[in-house]
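The structure appears right after this line, and notes come after that.
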Amino acid sequence: MWKSVKAAPPDAILGLTDAFKNDPNPDKVNLGAGVYKDDRGITPVLASVKEAERILLDGEQTKSYLPISGDPVYAECVQKLLFGEHSDILTSRRAVTAHAPGGTGALRIGAELIKKFNPDGAVWVSAPTWANHKGIFAAAGFAIKEYPYYDSDTKGLKYAALIDTLKQVPAGDVVLLHACCHNPSGVDLTSNQWSEIAAIAADKGWIGFLDFAYQGFGDSVEADRTSVEAFAAAGIDFFISSSFSKNFGLYNERAGAITVVSANADEAAVAKSHLDVTVRVCYSNPPAHGGLIVKTVLSDAALTETWRNELSEMCRRIVAMRSALVDGLAARGVDQDFSYIKQQRGMFSFSGLTDDTVAWLREHKSIYVVGGGRINVAGLTPENIDYVCDSIAEALKR
């Protein structure tokens, strides 16, 4: 079967991680893989998660299947995080949620569901966007188009061009938006800009699909839901994929959710019936452990407080590393102004490093950066920050 088939190319980011693992240099630094690291360079298990697992282990009585859409209390917890406990979305029962295998699984389930009823629509993604976005929606059969987003000259948004393009998106098409902590640029929209975009969606009739992978990694759990609140206030149909990989550190548990918001409770019930059918033919029902951890933490006031404190600490560490990188490069006499890195949000940054510099850093310093200069700021630590700053300064002064 495979004799005349070419091998598929390696994933750009995961392939970089493999190269990093095989690099014998003891000073090597991985700034490519999108996982949080603490000051020791370790992706930790949160204390709140460990305690929830202990509770689950002590009380577990069965390994039976979950319902197709997952534990209903998990869905309630997801919605309270997304919308706020007193949101009209909850009281009106306009939203339905299914536990998905990670944010990637949530995106794919949403794509399959939309494709079923809108087979001729296209999906619009930001230029640039997370590399896997295009692959996920293309695999579901969608044509992929782009809207302007990041301006490499100003290190900010191409906001006027973005708005002009969104006004031209046909009704029924899907516009995929990063809810916060834009990956890969780290450049986010303001509250007023989100309101304008939601109003355009309502006026033009395209479908908003918010990828919410980093709630709590921008400003706070509440502040980061500005995008969701703007679409909710518009009273329109939209989709949200969410993930607990980053903010709970549950990377290998694949705990995510797909949430469908409709105009009213009756339409939401119809959406739920088709959401269940879509899940059933893709993976039948979700894995339990990660979702039960989230449910356990968010159903216990003390554990929730512990988790929020841990999340705040992760966020503070990333902000500190942004400042350390910018200040470290300035102290080494680098001519290029990197101050914009302090203004970006979340784990990722478009650093401004050229592909030539990225290649040199990998070859000569074993510092691994994704092509285009995207770095994972959480990969910086107090132990490696001087080495990274010294290396970048050397690369730029060549």
#### Entry: R322 side chain to I341 backbone, donor-acceptor under 3.5 Å
yes
### Query
Would R308 and E305 pass as an ion pair if we require N to O under 4.0 Å?
no
### Task
With side chain to side chain donor-acceptor pair (under 3.5 Å) as the test, would you mind laying out the steps for S245 and S243 before giving the verdict?
CA-CA 6 Å; S245 293; S243 168; 3.3 Å; yes
### Message
The test is side chain to side chain donor-acceptor pair (under 3.5 Å); show your working for S366 and D23 and say whether it passes.
### Response
CA-CA 7 Å; S366 296; D23 191 328; 2.8 Å; yes
### Query
Just wondering, do T226 and D188 contact through their side chains at under 4.5 Å, heavy atoms?
no
#### Entry: Exam field: side chain S241 to backbone A106, donor-acceptor pair closer than 3.5 Å
no
### Query
Does any N or O in the side chain of E146 come within less than 3.5 Å of the main-chain N or O of P128, such that one atom is a donor and the other an acceptor?
no
### Query
Using 4.0 Å as the upper bound for N to carboxylate O, is an ion pair formed by D276 and R280?
no
### Message
Tell me if a side-chain donor or acceptor on W307 pairs with a main-chain N or O of N247 at a distance below 3.5 Å.
### Response
yes
### Message
Could you check whether E267 pairs with K272 (Lys NZ or Arg NE/NH1/NH2 to Asp/Glu carboxylate O, under 4.0 Å)?
### Response
no
#### Entry: Check against side chain to side chain donor-acceptor pair (under 3.5 Å), D337 and S339
CA-CA 6 Å; D337 180 12; S339 60; 2.9 Å; yes
Could you list the donor-acceptor pairs under 3.5 angstrom formed between side-chain atoms of residues 290-303 and any protein atom two or more places apart in sequence or on another chain?
residue: K295; atom: NZ; partner: D71; partner atom: OD2; Å: 3.1
residue: T296; atom: OG1; partner: L292; partner atom: O; Å: 2.6
residue: S299; atom: OG; partner: K295; partner atom: O; Å: 2.6
residue: D300; atom: OD1; partner: A302; partner atom: N; Å: 3.0
residue: D300; atom: OD1; partner: L303; partner atom: N; Å: 2.9

### Query
Does the pair D266/R93 count as a salt bridge with the N-to-O cut at 4.0 Å?
no
### Query
Is a side-chain N or O of K158 found less than 3.5 angstrom from the main chain of L162, in a donor-acceptor match?
no
### Task
Check step by step if side chain to side chain donor-acceptor pair (under 3.5 Å) holds for T97 and T259.
CA-CA 4 Å; T97 296; T259 297; 2.8 Å; yes
### Query
Distance only, no hydrogens: is a donor on one side chain within 3.5 Å (strictly under) of an acceptor on the other, for H182 and Q344?
no
### Task
Taking atom types as modelled, find out whether Y74 and Q79 have a side-chain donor-acceptor pair closer than 3.5 angstrom.
no
### Sub-4.5 Å side-chain heavy-atom contact between K342 and D327
yes
### Query
Any donor and acceptor pair, going by atom type alone, linking the side chain of D151 with main-chain N or O of K155 inside 3.5 Å?
no
### Query
Under a single-linkage rule joining Ile, Leu, Val, Met, Phe, Trp and Tyr whose side-chain heavy atoms are separated by less than 4.5 Å, which residues share a cluster with I109?
I68, V96, L107, L113, I114, F117, V123, V125, W130, I136, F137, F142, I144, V174, L176, I207, F209, F239, I258, V260, L275, V279, Y283
#### Entry: Salt-bridge criterion met for R316 and E313 (N-O under 4.0 Å)
yes
### Message
Which residues pass the side chain to side chain donor-acceptor pair (under 3.5 Å) test with Q215, not counting sequence neighbours?
### Response
none
### Query
Which residues pass the ring-ring contact (aromatic ring centres under 6.0 Å, His included) test with F338, sequence neighbours left out?
none
### Task
Assess K28 against F20: is NZ or CZ under 6.0 Å from the centre of the six-membered ring, and within 45 degrees of the ring's axis?
yes
### Query
Tell me, do Y147 and S126 make a side-chain contact under 4.5 Å, heavy atoms counted?
yes
### Query
Taking only residues two or more places apart in sequence or in another chain, which ones pass salt bridge (charged side-chain N to carboxylate O under 4.0 Å, His left out) with E383?
none
### Query
Ignoring hydrogens and geometry, is there a side-chain-to-backbone donor-acceptor pair from R254 to Y251 under 3.5 Å?
yes
### Query
Taking C-beta and beyond as the side chain, do Y36 and K246 meet within less than 4.5 Å on heavy atoms?
no
### Message
Could you check whether R345 pairs with D224 (Lys NZ or Arg NE/NH1/NH2 to Asp/Glu carboxylate O, under 4.0 Å)?
### Response
yes
#### Entry: ring-ring contact (aromatic ring centres under 6.0 Å, His included) partners for F83, two or more places apart
none
### Query
Does V270 offer a backbone N or O that forms a donor-acceptor pair with the side chain of S273 under 3.5 Å?
yes
